[in-house]
Amino acid sequence: QVQLVESGGGLVQAGGSLRLSCLASGRTSSTYAMGWFRQAPGKEREFAALVRWSTGNTYYADSVKGRFTISRDNAKNTVYLQMNSLKPEDTAVYYCAADVKWSVVLPTTEHEYDYWGQGTQVTVSS
């Protein structure tokens, strides 16, 4: 079992920045990748970014590439999502997720993840 707790959400003006954190606990040694997803009102949950836990390799959705940066601190069992140049369309509940299954492909869909946090609200005002 892996437990995930997100923090750092809030209200920010367009063009501003926020940093989300996700603290992992439990059997984190088996983690293959950590991802951030988001769900806007009335829309399906979508992939935003991921980081491979062992190598630090990252991958981003086109919608956030160049604005968001995912990183991890293995010693603190924490993954971060630095969000810059925020837009109103970035408004969503942001979820942290853990994939504990090794794979030859990077997990970019929610069904590939095994554990989820409770989510943190990010609201970007225009």
Side-chain angles (χ1 to χ4, degrees):
Q1 292 281 343
V2 176
Q3 293 80 42
L4 303 172
V5 178
E6 302 100 332
S7 61
L11 173 65
V12 64
Q13 289 188 334
S17 298
L18 280 176
R19 188 178 81 156
L20 305 183
S21 300
C22 175
L23 174 63
S25 60
R27 298 185 63 179
T28 58
S29 60
S30 60
T31 301
Y32 169 68
M34 296 287 290
W36 284 98
F37 287 74
R38 63 185 186 180
Q39 187 168 21
K43 295 187 177 181
E44 294 185 351
R45 189 154 53 183
E46 65 175 10
F47 167 77
L50 69 86
V51 59
R52 278 197 59 184
W53 199 249
S54 60
T55 64
N57 290 351
T58 59
Y59 184 78
Y60 299 91
D62 288 343
S63 57
V64 307
K65 195 176 298 181
R67 300 187 298 122
F68 291 10
T69 301
I70 189 171
S71 61
R72 91 272 191 255
D73 185 329
N74 294 48
K76 295 182 178 179
N77 284 336
T78 300
V79 63
Y80 304 97
L81 187 67
Q82 177 66 44
M83 305 185 295
N84 299 329
S85 302
L86 283 162
K87 306 174 182 179
E89 51 263 43
D90 294 318
T91 295
V93 177
Y94 283 71
Y95 297 90
C96 174
D99 178 4
V100 298
K101 305 177 299 299
W102 185 88
S103 174
V104 295
V105 298
L106 294 176
T108 60
T109 60
E110 59 179 311
H111 77 270
E112 295 175 277
Y113 288 81
D114 305 286
Y115 300 98
W116 293 83
Q118 81 288 351
T120 185
Q121 176 70 47
V122 171
T123 303
V124 184
S125 63
S126 57

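All values below were derived from every heavy atom in this structure, side-chain atoms included, with hydrogens, water molecules and symmetry-related copies excluded.
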Tested for side-chain contact (heavy atoms from CB on, under 4.5 Å) against Arg38, the lone hit among Val93, Val64, Thr91 is Val64
Under the ring-ring contact (aromatic ring centres under 6.0 Å, His included) definition, can you give me all pairs with a residue in residues 103-126, not counting sequence neighbours?
Phe37-Tyr113, Phe37-Trp116
Would Thr55 and Trp53 satisfy side-chain contact (heavy atoms from CB on, under 4.5 Å), going step by step from the backbone distance to the final call?
CA-CA 6 Å; Thr55 64; Trp53 199 249; over 6 Å; no
Rounded to the nearest 0.5 Å, what's the gap from CG on Asn77 to OG1 on Thr28? Could you check?
4.0 Å
State, to 0.1 Å, how close Pro107 and Glu112 come at their nearest heavy-atom pair, and which atoms those are.
CA-OE1, 3.4 Å
Could you check whether any side-chain heavy atom of Gln39 comes within less than 4.5 Å of a side-chain heavy atom of Tyr95, counting everything from C-beta outward?
yes
Can you confirm whether Leu50 sits close enough to Thr108 that some side-chain heavy atom of one is under 4.5 Å from a side-chain heavy atom of the other?
yes
Interatomic distance, Ser85 atom OG to Arg67 atom CZ [nearest 0.5 angstrom]
7.0 Å
Side-chain heavy-atom pair Ser21, Glu6 within 4.5 angstrom cut-off
no
Could you grab the distance from atom CZ of Arg52 to atom CZ of Arg72, nearest 0.5 Å is fine?
10.5 Å
From CG (Asp73) to OG1 (Thr78), nearest 0.5 Å:
6.5 Å
What do you reckon, is CD of Gln13 surrounded by more than 12 foreign heavy atoms closer than 6.0 Å?
no
Keeping Tyr32 on the side-chain end and Ser103 on the backbone end, is there a donor-acceptor pair under 3.5 Å?
yes
Hey, are the side chains of Arg19 and Leu81 touching, using non-hydrogen atoms and a 4.5 Å cut-off?
no
Minimum side-chain heavy-atom gap Val51-Asn57 below 4.5 Å:
no
Assess the residue pair Leu20 and Ser7 against the criterion (side-chain contact (heavy atoms from CB on, under 4.5 Å)); give the C-alpha distance rounded to whole Å, side-chain angles, the decisive distance to 0.1 Å, and a yes or no.
CA-CA 6 Å; Leu20 305 183; Ser7 61; over 6 Å; no
Any side-chain heavy atom of Asp114 within less than 4.5 Å of one from Asp99?
yes
Where do Ala24 and Val2 come nearest, in terms of heavy atoms and distance?
CB-CG1, 4.4 Å
With side-chain contact (heavy atoms from CB on, under 4.5 Å) as the criterion, how do Leu18 and Leu86 come out once you've worked through the C-alpha distance, each side chain's angles and the decisive distance to 0.1 Å?
CA-CA 8 Å; Leu18 280 176; Leu86 283 162; 4.2 Å; yes
With sequence neighbours left out, what residues match Asp62 under side chain to side chain donor-acceptor pair (under 3.5 Å)?
Lys65
Are Tyr59 and Phe47 side-chain neighbours, meaning at least one heavy-atom pair lies under 4.5 Å?
yes
Would you give the length of the straight line joining atom CZ of Arg27 to atom CD of Gln3, rounded to the nearest 0.5 angstrom?
11.0 Å
Heavy atoms only: give me the nearest Cys22-Trp36 pair and the separation to one decimal.
CB-CZ2, 3.7 Å
Heavy-atom closest pair, residues Pro88 and Ser126
CG-CB, 3.8 Å
Hydrogens and angles aside, do Ser17 and Asn84 bring a side-chain donor and acceptor to less than 3.5 Å of each other?
yes
Spacing of Leu4 atom CG and Ser25 atom OG [to the nearest 0.5 Å]
7.5 Å
Determine whether Phe68 and Asp90 make a side-chain contact, defined as any pair of heavy atoms from C-beta on separated by less than 4.5 Å.
yes
For the student: nearest non-hydrogen atoms of Met83 and Val122, plus distance:
CE-CG2, 3.8 Å
